[in-house]
Amino acid sequence: MELMYSSTRNDKVKFTASQAILKGLADDGGLFVPEHIPALDVSMDALKDMSYQETAYEVMSRFFTDFTEKELKDCINKAYDSKFDTTEIAPLVDADGAYYLELFHGPTIAFKDMALSILPHLLITSARKNHVKNDIVILTATSGDTGKAALAGFADVEGTKIVVFYPKNGVSPIQEKQMVTQKGENTMVVGIHGNFDQAQTGVKKMFNDSALEAELDAAGYQFSSANSINIGRLIPQVAYYVYAYAKLYKNGVIAKDEKINVVVPTGNFGNILAAFYAKNMGLPIAKLICASNENKVLYDFFSTGTYDKNRDFILTSSPSMDILISSNLERLIYRIAGNDAEKNKTMMTELAETGKYAITDDMRAKLEDFYGNYTSEAETASVIKKLYEDTGYIIDTHTAVAAGVYGKYKKDTGDTETKTVIASTASPFKFTRSVMDAIDEKYDAMGDFELVDELSKIGNVKVPQAIEEIRTAPVLHDTVCEVEEMPLVVKKFLGV
C-alpha cells in the first residue's frame, strides 16, 4: 500500500514520497510527514545478519513506497560505498559503559553524511519519476556540518545546483575551511552576517516567496532543500538506529526485544526525531534522551511544556547545536497534537509572531518517552577529558554534550542498567581545538593542523582524509552578505 505524505500545517493535500522529497518544504511552510509511521515488519533475527545497505533498504522501503526496489537499492548502493572509511558504515564503540554509534565515517566526518550521501540520488530519482524539466537548486542553511555534507553530496551532480549559507563567525575553523574549499561548478558557499537561525529563516523565506519561485521557473530552476526539514534526509537517519540495535543483538549485548536508551546531541531535532520514528516503527527503545548545550531551548521545552526562543544566542564549542529554532520539533508537535494540522499551525504562527508557544497537558503526557537535559561548556570539556583519561577514547564536543547528559540522566533516574547507545555525531578532528584544549590547556599554543597531528598521536587514530584534503586546499568561496541580501546572491549565482 502506498504511504502518502502531508504537511504539518495542512493534512488535506496528499503527496507521494518522491513529491515530498522534491518539494523539501511544503508550500504552506509546514514540513512533510507520513500519514502513519509504518511497522518494521522484518524480524530482528533477519536484521542482525544484514549489512548496513540491506538494513537501510528494509527501513527506507517502508517509507518511500513509490520507489521501485531497483530505484531505491540503486540510491542506497551509490550512497553507502567506498566514500565511507569503514565497511560497517556506522560502527559501535563500547566505552565507559555506553555504546558510541560512530556516525562520522563519511566524506565530511559528521553524521550528516549518513543522509546527505543518499539525498542527491533520491532527489534526482524523484525528479525523473515526476517528469521535472527544471534544474534543482538546493538551498541550505547550515550551523556547520550540513553545509559541507550537502556540498560534497551534490558537487557536480548533473541537473542540480547548490547554495549554502552559514553564519560567518558561528562555525569552527575546520568546518569553515571544509566549506570554502569545496570544488564543483554547481556549488556556492556564502557567509552571512548573522547567526544560524537568521540564515535558516532567510532560506525558508525564499522557499515561500512565490514571486521568486515564478522568476526561477521562467529561468528553468526550482528550489529544494537539503536541510533535515526534507523528508528524504530524515528517513535515512532512521536506518542507523535500527542497524545499531541489530548489531547489539547480534553481538549478544542485548537479549531479543530488550529495550535500549538512545542519547542524541540535539540542535534542529532531526536526528532524535529519527530515533523517535524508529521507536514508533517498533524498535525496542525505552528513553529518547535529548541532549542540549547552553542554548537549552529544548531542555526548557521538555521541562516546562513551553517553547521559548526569546533568549540570548550563545556561541559554544558545539556549534552545530547553537540553534534556538529547532525546525524538526514541528513534526513531533504535529504528532502529539493528534496529527491536528490546525492546532500545530496555530502554535507555529505563535512562534513566528511572539517567539514562543505552549503545549497542552494532554500533549505533554505524550512526551513521556523523552528526557531532556543540557551540559555547560565546562561540563562538556570535563567529559572529553575524563573519557580520554579513563579509556583513551576521544570524542568531539557534540558527542560530549550527549555523554554529559547521559550521566545526568543516570543520576536523575537511577537507571544504570538499560544498555544505552550514544549518537556520536562528529569526528573529534572536526573540532580539534576545543577537544585538545579540554584534554590539556597546553595544546592551546598549537596551530590548527599541528593539533590535528597531535590528536592523531595521542588518540592513536589516523587523520581522516577529509582533514588531509583541506590542509593545503585553496579558498574557492569568499562571498559574505547581509541576511536581507540572500535572495540577490542566489539570483546572481543562477544568472537570473
Side-chain angles (χ1 to χ4, degrees), residues 37-38 40 42 44 47-64 72 75-77 79-81 83-94 98-119 121-122 145-146 149 153 228 230-251 253-254 260-266 268-285 288-291 320 328 395-396 398-399 402 419-427:
I37 295 179
L40 186 64
V42 51
M44 200 47 69
L47 283 164
K48 74 176 170 57
D49 294 319
M50 287 186 191
S51 67
Y52 189 85
Q53 292 83 346
E54 289 164 336
T55 307
Y57 176 76
E58 293 301 335
V59 172
M60 290 187 221
S61 61
R62 302 305 189 272
F63 283 95
F64 300 152
L72 195 49
C75 290
I76 288 167
N77 292 332
Y80 306 112
D81 60 6
K83 61 180 159 291
F84 284 81
D85 65 16
T86 166
T87 49
E88 301 112 306
I89 307 295
L92 280 159
V93 173
D94 178 2
Y99 295 86
Y100 288 82
L101 178 62
E102 293 189 342
L103 300 171
F104 53 76
H105 288 277
T108 76
I109 59 177
F111 83 101
K112 308 289 170 90
D113 289 326
M114 300 299 294
L116 282 166
S117 292
I118 192 167
L119 184 61
H121 305 295
L122 292 173
D145 287 337
T146 288
S228 54
N230 192 316
I231 200 75
R233 233 196 84 180
L234 179 67
I235 299 309
Q237 294 178 271
V238 178
Y240 47 71
Y241 294 110
V242 176
Y243 180 76
Y245 187 95
K247 288 300 165 269
L248 289 177
Y249 174 53
K250 181 187 174 79
N251 297 336
V253 174
I254 52 175
I260 63 165
N261 292 327
V262 174
V263 192
V264 187
T266 310
N268 219 8
F269 209 77
N271 201 4
I272 195 163
L273 186 74
F276 176 75
Y277 274 26
K279 178 181 169 83
N280 282 274
M281 287 186 88
L283 198 70
I285 293 175
L288 296 152
I289 299 169
C290 178
S320 301
N328 268 290
I395 55 174
D396 92 294
H398 302 74
T399 309
K419 310 288 193 314
T420 297
V421 168
I422 294 176
S424 184
T425 52
S427 164

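Bear in mind that the values here come from a model prediction, so they are computed numbers and not experimental data. Scope of the values below: all heavy atoms of this structure, side chains included, with no hydrogens, waters or symmetry mates.
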Between atom [atom1] of [X] and atom [atom2] of [Y], what is the distance when rounded to the nearest 0.5 Å?
X: Thr266; Y: Leu288; atom1: OG1; atom2: CG; value: 9.5 Å
X: Phe84; Y: Tyr80; atom1: CZ; atom2: OH; value: 6.5 Å
X: Tyr277; Y: Ile272; atom1: OH; atom2: CD1; value: 13.5 Å
X: Glu102; Y: Asp85; atom1: CD; atom2: CG; value: 9.0 Å
X: Tyr100; Y: Thr420; atom1: OH; atom2: OG1; value: 10.5 Å
X: Ile260; Y: Lys419; atom1: CD1; atom2: NZ; value: 10.5 Å

Which atom pair, heavy atoms only, marks the closest approach of [X] to [Y]?
X: Thr55; Y: Met50; value: OG1-CB, 3.6 Å
X: Ala291; Y: Ala402; value: CB-CA, 3.7 Å
X: Met281; Y: Pro38; value: CG-O, 3.2 Å
X: Ala423; Y: Pro265; value: O-CD, 3.4 Å
X: Tyr241; Y: Leu283; value: O-CD2, 3.5 Å
X: Glu54; Y: Ser51; value: OE1-N, 2.8 Å

**Message:** Using the rule given for side chain to side chain contact (heavy atoms under 4.5 Å, CB included), can you reason through Ile76 versus Ile118, listing the C-alpha separation, both sets of side-chain angles and the distance that settles it, and then say yes or no?
**Reply:** CA-CA 6 Å; Ile76 288 167; Ile118 192 167; 3.7 Å; yes
Using a 4.5 Å cut-off on heavy atoms from C-beta on, say whether the side chain of [Y] contacts that of [X].
X: Asp396; Y: Phe104; answer: no
X: Val242; Y: Leu40; answer: yes
X: Asn261; Y: Val421; answer: no
X: Phe63; Y: Ile37; answer: yes
X: Val59; Y: Tyr243; answer: no
X: Val42; Y: Arg62; answer: yes
X: Ile289; Y: Val264; answer: no

Heavy-atom donor-acceptor pair, [X] side chain to [Y] backbone, under 3.5 Å:
X: Thr399; Y: Thr425; result: yes
X: Lys83; Y: Gly106; result: no
X: Lys279; Y: Ile285; result: yes
X: His398; Y: Ser320; result: yes
X: Asn230; Y: Gly232; result: yes

**Request:** Using only heavy-atom distances, determine whether the side chains of Tyr99 and Asn251 contain a donor-acceptor pair under 3.5 Å.
**Result:** no
**Between Tyr240 and Asn271: side-chain donor-acceptor atoms closer than 3.5 Å** = yes
Could you pull out every donor-acceptor pair under 3.5 Å between side chains of residues 87-94 and any protein atom, sequence neighbours left out?
from: Glu88; atom 1: OE1; to: Thr86; atom 2: OG1; distance (Å): 2.4

**Message:** Go through it in stages, so that I can follow the logic: the residues are Met114 and Tyr52, the test is side chain to side chain contact (heavy atoms under 4.5 Å, CB included), and I'd like the CA-CA distance, side-chain angles, deciding distance and then a yes or no.
**Reply:** CA-CA 11 Å; Met114 300 299 294; Tyr52 189 85; 3.3 Å; yes
**Request:** Any chance you could lay out the side chain to side chain contact (heavy atoms under 4.5 Å, CB included) test for Cys75 and Phe64, step after step, and finish with the verdict?
**Result:** CA-CA 12 Å; Cys75 290; Phe64 300 152; over 6 Å; no
**Request:** List the steps, then state whether side chain to side chain contact (heavy atoms under 4.5 Å, CB included) holds for Arg233 with Lys112.
**Result:** CA-CA 9 Å; Arg233 233 196 84 180; Lys112 308 289 170 90; 3.1 Å; yes
